[in-house]
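Remember, predicted model here, so these are calculated numbers, not experimental data.
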Amino acid sequence: EAAAATRVPLTKRVLASYAAPAMPLALSGLPIAVYLPVVYADPDGFGLSLVVVGLLITLSRFTDVITDPIIGFLSDRMRTRMGRRKPFILFGTPIYAAGMWLLFVAPDDFSDMTFLGWTFSTGYPWMFCMMSLLYLGSTIKDLPYNAWGAELSRNYNERTLVMSWREAFTVAGSLLSAFIPAIILFFGYTKPTDAVYMLVMIMCILMPVFVVNAVITVPEYPVIERSRERVKLLAGLKVVYQNKAYRYLVIIFAFSSMGAAMTNSLSFFFVKHVLVAGELYGLYLAPYFVCQIAAIPLWFKLSRKIGKHRATMVAIGWYALWASFLPLIAISPAEWFTAFRVEVLLAFLPAETYQSMLIYFEGIETGKFLFFIIIMCLKGSSIGALSALPFAMAADVVDVDTAETGKQRAGAYFSIWSMVRKAAYALGVTIGLSLAVGFGFDSLADPRATTNSDFSLLMVACIYSVVPALFKFVGIPLLWKYPL
């Protein structure tokens, strides 16, 4: 118990140092979540099959079923002078960075190859292998990192503070990744591959610096376990599974992740083919993430008043409300959005400035696009809550388990959390892209002389917005009777 007494309230420096690696991780999150299908299945990328790309994303996650529990188990049991978590984080970071670079800064072109009578592009095996390398590095560094954060404090509200700092850095990194495509757009770099190259390069520079600083600055407290009994891997996972509150959280987060995957994977295609404004995609991301940052303190303030699980329920309702407007934008005539067109909104500018600004928007229907940004800002204000609050609730579950059993099993808990999140997200990508293609959507079509039918584009809008909201609603009854 003496070691426990040495714990002191976490300072802002420690909180910032722990949370800082989340920023470059978020920089890589945008390419993986949004741009990966675009880079490999868009005419401005490698032009591969959208369905096959989605399927490979799912298959590459199967390795996590094995690696996640193993890494979680090992990081719980390892004892070094550096601690249990830090060696894994240091080892996994360069693997992750290498996978990220090789996945997105791929060869300029792929050729066809024949294997067992099948002829296909070498882009498919390249993509699969590099994703597997990337996800291996992610598992090695992220599971111990998450468990480390859950163990930094034993105070209920201070753990929420740890998660809020990390979420703030996550969204700040997302915001930076959103502004970069917007900035380079005005320099003529409008292709998704241009934005991805810049984001990956910055991530590979910042991540090692922030990780090393966190390892040096942030404490990892000695393990204090009342129970000395060693639990085997499968037995430990079984114990975690038997935790009712945790099972609820895993189910909630799994369906929420599947919904998020559908939205993210179809985001660019919605803007490019439904709104016919693909060149302006970078301009949408920046205000969207600004609203996420602005809303995070409000959601945590609400969670302190009504509880984290009820605040999450409110966030789901708020998300669904604004998601329902997006198909209406898709089917409405452009004339309804005349007041939101750039040429109307910028009419107050001097004539010379006005004409120079319009050059960037020439030939683009900006009315729907700008109204879409407003709706997405309102919808996006809930995203921070739907990410940070369930994670903070998971940390509470781990703390209760430690108090009841005397065992520190954060690694086992977060290995299951990570495994389910990755699998659910990958499955969501495949479901979303396959549904879109199943309804006749062609990602290689010219959006301004499209061969896509009005029905297929409407279905893309629904799969992008309404279906993900329905997936998130699965968690409402579980949150209602959440036991903690």
Ignoring hydrogens and angles, tell me if any N or O in the side chain of [X] forms a donor-acceptor pair with the backbone of [Y] under 3.5 Å.
X	Y	value
T11	V14	yes
S60	M131	no
W165	S17	no
W322	C377	no
S256	I252	no
S443	L50	no
S381	C291	no

Does any part of the side chain of [Y], heavy atoms only, come nearer than 4.5 Å to the side chain of [X], both counted from C-beta?
X	Y	answer
W299	L302	yes
I32	L134	yes
F372	F270	yes
R85	L143	no
L36	F104	yes
W101	V105	yes
L280	L283	yes
F179	L285	no

Supply the atom-to-atom distance [X] [atom1] to [Y] [atom2], rounded to the nearest 0.5 angstrom.
X	Y	atom1	atom2	value
L378	I373	CG	CD1	12.0 Å
I375	F325	CD1	CZ	5.5 Å
I476	M313	CD1	CE	4.5 Å
L25	D142	CG	CG	5.5 Å
F128	L55	CZ	CG	9.5 Å
T93	F210	OG1	CZ	13.0 Å

Over 12 foreign heavy atoms within 6.0 Å of CZ, F255: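 Not more than 12 within 6.0 Å, no.
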
What's the shortest heavy-atom distance between [X] and [Y], and which atoms?
X	Y	value
A311	I306	N-CD1, 3.7 Å
A315	L386	CB-CD2, 3.8 Å
V196	Y35	CG2-CB, 3.4 Å
L326	S465	CD1-CB, 3.5 Å
V218	L152	CG1-CD2, 3.7 Å
P144	T139	CD-O, 3.9 Å

Can you give each donor-acceptor pair under 3.5 Å made by side-chain atoms of residues 201-209, sequence neighbours left out, with the distance rounded to 0.1 Å?
none

Test side chain to side chain donor-acceptor pair (under 3.5 Å) applied to N264 and Y425, step by step: CA-CA 10 Å; N264 292 337; Y425 193 95; 3.0 Å; yes

Residues in side chain to side chain donor-acceptor pair (under 3.5 Å) contact with S382, at least two apart in sequence or another chain: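 S382 satisfies side chain to side chain donor-acceptor pair (under 3.5 Å) with no other residue.
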
With sequence neighbours excluded, residues passing side chain to side chain donor-acceptor pair (under 3.5 Å) with Y18: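 Residues passing side chain to side chain donor-acceptor pair (under 3.5 Å) with Y18: R166.
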
Chi angles and distances behind the ring-ring contact (aromatic ring centres under 6.0 Å, His included) call for Y281, Y284: CA-CA 5 Å; Y281 183 72; Y284 139 68; 5.6 Å; yes

Given L389, L298, V314, the one that forms side chain to side chain contact (heavy atoms under 4.5 Å, CB included) with S303: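 It is L389, the one option of L389, L298, V314 that forms the side chain to side chain contact (heavy atoms under 4.5 Å, CB included) with S303.
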
Side chain to side chain contact (heavy atoms under 4.5 Å, CB included) assessment of D42 paired with F269: CA-CA 9 Å; D42 188 76; F269 298 115; 4.1 Å; yes

Pair S49-Y124, side-chain donor/acceptor within less than 3.5 Å: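 Result is no, nothing qualifies.
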
Residue pair L90, V215: steps toward the side chain to side chain contact (heavy atoms under 4.5 Å, CB included) verdict: CA-CA 8 Å; L90 287 175; V215 168; 3.9 Å; yes

Ring centre gap for F110 and F46 strictly below 6.0 Å: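 Centroid separation for F110 and F46: below 6.0 Å.
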
Worked verdict on I95 versus K141 for side chain to side chain contact (heavy atoms under 4.5 Å, CB included): CA-CA 9 Å; I95 298 176; K141 74 179 182 63; over 6 Å; no

Side chain to side chain contact (heavy atoms under 4.5 Å, CB included) evaluation trace for I383 with Y319: CA-CA 8 Å; I383 299 299; Y319 175 98; 3.7 Å; yes

